[in-house]
Structures are given as C-alpha cells and as structure tokens.
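By convention in this document, chain letters (A, B, ...) are assigned in the order of the sequence lines, proteins followed by strands, and residues within each chain are numbered from 1. Basis for what follows: all heavy atoms, side chains included, without hydrogens, waters or symmetry-related copies. Everything numeric in this text was worked out from a predicted model, so none of it was measured.
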Protein chains: 2
Amino acid sequence: MNIGEAARASGVSAKMIRYYEQSGLIPKAGRSAAGYRDYSTTDVHMLRFVRRSRDLGFSMAEIEELLQLWRDRSRQSADVKRIALARIADLRRRIEEMEEMAATLEHLASCCSGDKRPDCPILADLEQGEAGKPRRSRGAIDSAP
Amino acid sequence: MNIGEAARASGVSAKMIRYYEQSGLIPKAGRSAAGYRDYSTTDVHMLRFVRRSRDLGFSMAEIEELLQLWRDRSRQSADVKRIALARIADLRRRIEEMEEMAATLEHLASCCSGDKRPDCPILADLEQGEAGKPRRSRGAIDSAP
DNA sequence: GGTGGGGCTTCCAACCGTGGGAAGGTCAAG
DNA sequence: CTTGACCTTCCCACGGTTGGAAGCCCCACC
C-alpha cells in the first residue's frame, strides 16, 4: 500500500506519516523496489492509533509510550492507565485555570455597562496604584503592521 | 521599575517581555533617561494577564484583543463588552471540549482494570479496530539517511 | 574611582506539529 | 510513448518560548 493510500485509510496525512517515521515515533516502513514506502493493514492500524491518540491530546512522547505498550504483548494495563490518568489530571488542571480566566473576563465584562461610558471600575482599580506617574509617553501605540 | 523587577513581579521573563513588546502585543514601555524600560504596577498587571492567557492557550492575536480591554481606555464600553463576551464564549467552548476529552479518558480509565491483564480498554479504543497480527518484519530496511 | 551585575541591542538556534512547495523519479492508464 | 498522478527528498514557514552569544552602557555599592 502506498503512503497516499495509507494516509487516506488512517486519516494521517502523508506528510505526517513521513514526519512520524523520521522522528522515530513509528518504525521505518518497508520500501518497494522503486523506493516507495509500503504499508500493511497493521501499519494503518498503528497510524489510526496515533491519530486517535493525538486527537485525545496525548503528546508525542506519550504516544510513543502508548505505542510501545500497544505493540508489547506483555503490556500491563496499569501502565496505560497511569498515562491516561496523568493526561486527565493535566486536562483538569487546565480546565480549572480556564475557568478562572473566564471568571476574570466575566467580571471585566460586567464592569462595562455596555453604554458609552468609558469608566470601567477595573481599569480605575488598576490605575489607582500608580496613577500619578506620567512618565509613559506611550501615546502612540505604535502597532507594527 | 525596570524590566527585571517587572519580570519577577509578573512572572513573565524579561526576554518574553521584550519579545511581546517587539511583536506589538504589549505597548512599548517608557524609557528612563538611560534607555531602560520602565514599568508601572499597571504594566505588571497587564503582564500577569498576558501570562495567564498564554498559559491557557490563547493565541497572540487573541491576547492582543483581550489586552485592548486594559490598554485602550477611550474604547466604547459596548465594544469592550462585545470582545469580552466573545472571548468568554470561546473560552467556555474550549473548556467544554477539554471536558469531553477528559470524560472520554476517564471512562476508558475506569474500564481499565489497571492490573497485569493485557486487554486494556484504553488501548482497544485507541486502536479502533482489531489487531494482534504480527507486524511484517521491518528491520533496518532504510538505513542511514 | 573601580567593579560587578544587570540592563540594552541584535542575531541565531532550537523545540513540536503541521503544512506548503520545489526538484526529480516512478507508476499506470491512454 | 506520453501524460498526469503519485512518490521521493529537502528546505521553509508558522506560532510561542527560550537559550545563548556578542558588545556596549549604566547603576549601585564599596
């Protein structure tokens, strides 16, 4: 099977397949007489495994670990579970931080009454710490285009 | 406050502060007589917000938009609110996606016995198909690059 | 006055993951 | 045989962050 066929069958782009192979995530594929990579259905399986793992947010290092467990007959599901649980903990942590961020933004939004009054209490609060230092001549925001 | 103090106070490295300034994400800091960047507590607040946003996976463009809330006081409250609400909605959507991911992983982990038995449901799901066939011998076919 | 540490600048590099594109060879159908 | 689709390798770009090096300037301290 060509790399293109394997790509279509697995959902991993040919570019990514070559990248995964080159970076050692997946084993080097066999070659045809003309030098074309040749893939078996088992290879497609493995590629699907990789894609699904990536969709679930596993890092390359974690996927490498998972792939080894997948290929290893004497794999222990405890190892797999450990990786999955670590991944879950990471997700939970990030979700919590994003909740905090959203709360901050909501507080900010609630400050802005929505009319044209520009006096936002948060801005006032931020400014009051060091209100009297006019040193900043940042008038022109100078945004580079 | 010079850049080192601002870095320590905000949790953003001095290098990142310069990078943010150079890329236009944050306004150019005022300079002392000797050319040192000078930061106020308001600037430190802004840097902290950038750091949090960055940790939460916001893109630079999004953070730039978020920073408008702080930076541009002459903005109409309606505009501010619109941007904030859009970002909040986006944040909530991401949180939901991540929660789905975590739920999937948790389900798989809960089905995983975590012992030595080789039939791990996590791997089965990642595989999304059947497997078990031995790979074709893929030795060092493609040798030195 | 000297000195150390930190600031200033610019450049160059790397990391992950993905994609685009060029230059050249190969396969399969017409 | 020609043609178009495919393959190969190689380089480059992104976003975001960090590291380092080089060379100069400045501030605080003794």
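The phosphate of C:dC8 (OP1 or OP2) has a side-chain N or O of B:R37 nearer than 4.0 angstrom. For C:dC8, the OP1/OP2 oxygens have a side-chain nitrogen or oxygen of B:R18 closer than 4.0 Å. Taking only side-chain nitrogens and oxygens, A:Y20 comes nearer than 4.0 Å to OP1 or OP2 of C:dT18.
With the nearest nucleotide of DNA chain C identified for both B:I3 and A:R54, B:I3 has the one nearer the 5' end.
Between B:L25 atom CG and D:dG16 atom C1' there is a gap of 11 Å when expressed in whole angstrom units. Atoms CZ (B:F58) and P (D:dG15) sit 18 Å apart, rounded to a whole Å. Between the CD1 atom of A:I17 and the P atom of D:dT9 there is a distance of 13 Å, given to the nearest Å. Atom-to-atom, CZ of B:R31 to P of D:dC27 comes out at 14 Å; the value is rounded to the nearest Å. Rounded to whole angstrom, the span from the CG atom of B:D38 across to the P atom of D:dC26 amounts to 16 Å. When rounded to the nearest whole Å, the span between CG of A:N2 and P of D:dC7 equals 5 Å. Rounded to whole Å, atom P of C:dG7 lies 11 Å from atom OH of B:Y39. B:M1 places its CE atom 18 Å from the P atom of D:dC27, with the value rounded to the nearest Å.
Residues that satisfy the side-chain hydrogen bond (donor to acceptor under 3.5 Å, both in side chains) test with A:E64, not counting sequence neighbours, are absent from this structure. Scored by the side chain to side chain contact (heavy atoms under 4.5 Å, CB included) test, B:E96 finds no partners at all (sequence neighbours excluded). With sequence neighbours left out, A:D90 forms a side chain to side chain contact (heavy atoms under 4.5 Å, CB included) with A:R87, A:R93, A:R94. Contacts of A:E106 classified as side-chain hydrogen bond (donor to acceptor under 3.5 Å, both in side chains), with partners at least two apart in sequence or in another chain: B:R92.
No donor-acceptor distance shorter than 3.5 angstrom exists from the side chain of A:N2 to the backbone of A:G4, with no hydrogens or angles considered. Without hydrogens or angle criteria, A:R54 side chain to A:S59 main chain gives no donor-acceptor distance under 3.5 Å.
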Summary of protein contacts for nucleotides 19-30 of chain C, nucleotide by nucleotide, where a base hit scores B, a sugar-phosphate-only hit scores S (4.0 Å, heavy atoms): SBB---BBS---
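The salt bridge (Lys or Arg N to Asp or Glu O under 4.0 Å) pairs that include a residue from residues 3-22 of chain B are B:E21-B:R31, B:E21-B:R37, where partners are two or more places apart or lie in different chains.
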